[in-house]
Enquirer: 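Submitted below is the structure of interest, expressed as structure tokens.
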Amino acid sequence: MIRTKLLDVKYGFTNYKDIDELINEFIEENPQIEIIDIKYQSNISAMADSGVSATYYHTSALIIYKELH
């Protein structure tokens with residue numbers, strides 16, 4: 001059966017992991033799968049309002065895999 005897993009980087013000061021760490025951990029924790037494809041996405045957005053500005057980052061990966069039995 002073909003399945004998907006969405007991994008999302010959580011930005012912050014604690015427990016931060018890069019997307020490659022998240023992907024590799026998922027693969028290591030699931031040796032019974034065969035990777036079909038990995039789709040990577042990274043977005044940066046910025047906003048400014050009343051002299052306050054902020055930049056937001058969002059990085060994710062969609063793993064498409066097959067369960068081996």
Side-chain angles (χ1 to χ4, degrees):
M1 176 178 274
I2 294 177
R3 302 253 186 211
T4 60
K5 175 69 176 179
L6 180 64
L7 302 173
D8 200 18
V9 172
K10 305 294 184 217
Y11 291 97
F13 296 111
T14 60
N15 299 325
Y16 174 80
K17 293 183 182 179
D18 285 323
I19 194 67
D20 58 333
E21 290 179 86
L22 296 174
I23 292 168
N24 288 327
E25 284 178 1
F26 177 78
I27 292 170
E28 287 173 16
E29 293 168 0
N30 296 281
Q32 76 287 359
I33 64 171
E34 176 186 333
I35 302 295
I36 296 171
D37 199 1
I38 298 175
K39 307 290 186 185
Y40 171 81
Q41 180 173 322
S42 182
N43 296 309
I44 300 173
S45 60
M47 63 172 266
D49 185 23
S50 300
V52 177
S53 63
T55 304
Y56 299 97
Y57 299 89
H58 182 255
T59 304
S60 61
L62 177 69
I63 301 174
I64 304 167
Y65 65 95
K66 185 185 297 185
E67 290 182 334
L68 304 175
H69 295 281

Enquirer: Would you indicate whether the side-chain heavy atoms of Tyr57 and Val9 approach each other to under 4.5 Å?
Expert: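 The answer is no; the side chains never approach within 4.5 Å.
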Enquirer: Measure the shortest side-chain to side-chain distance between Tyr16 and Lys10 over non-hydrogen atoms and say whether it is less than 4.5 angstrom.
Expert: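 Tyr16 does not reach Lys10 side chain to side chain.
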Enquirer: Give, for atom CG of Leu22 and atom CG of Asp8, the distance between the pair rounded to the nearest 0.5 Å.
Expert: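 Spacing of CG (Leu22) from CG (Asp8) equals 8.5 Å.
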Enquirer: How would you list all residue pairs meeting salt bridge (charged side-chain N to carboxylate O under 4.0 Å, His left out) that involve residues 60-69, not counting sequence neighbours?
Expert: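 Counting only pairs at least two positions apart or across chains, the salt bridge (charged side-chain N to carboxylate O under 4.0 Å, His left out) contacts touching residues 60-69 are Arg3-Glu67.
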Enquirer: I want to check something: taking the side chain as every heavy atom from C-beta on, are Phe26 and Ile63 in contact at a cut-off of under 4.5 Å?
Expert: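 Phe26 reaches Ile63 side chain to side chain.
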Enquirer: Do Leu6 and Ser60 come close enough that some side-chain heavy atom pair is under 4.5 Å?
Expert: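 In contact.
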Enquirer: Enumerate the salt bridge (charged side-chain N to carboxylate O under 4.0 Å, His left out) contacts for residues 52-63, please, sequence neighbours excluded, ordered by first and then second residue.
Expert: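 Qualifying pairs, neighbours excluded: none.
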Enquirer: Under 3.5 Å, sequence neighbours excluded: what are the donor-acceptor pairs made by side chains of residues 31-53?
Expert:
unit_1 : atom_1 : unit_2 : atom_2 : d
Asp37  : OD2    : Lys39  : NZ     : 2.8

Enquirer: How long is the straight-line distance from CG of Leu7 back to OG1 of Thr59, given to the nearest 0.5 Å?
Expert: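 Here the interatomic distance stands at 12.0 Å.
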Enquirer: Listed by chain and number, what are the side-chain contact (heavy atoms from CB on, under 4.5 Å) partners of Glu21, not counting sequence neighbours?
Expert: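 Once residues adjacent in sequence are excluded, the partners of Glu21 under the side-chain contact (heavy atoms from CB on, under 4.5 Å) criterion are Lys17, Asp18.
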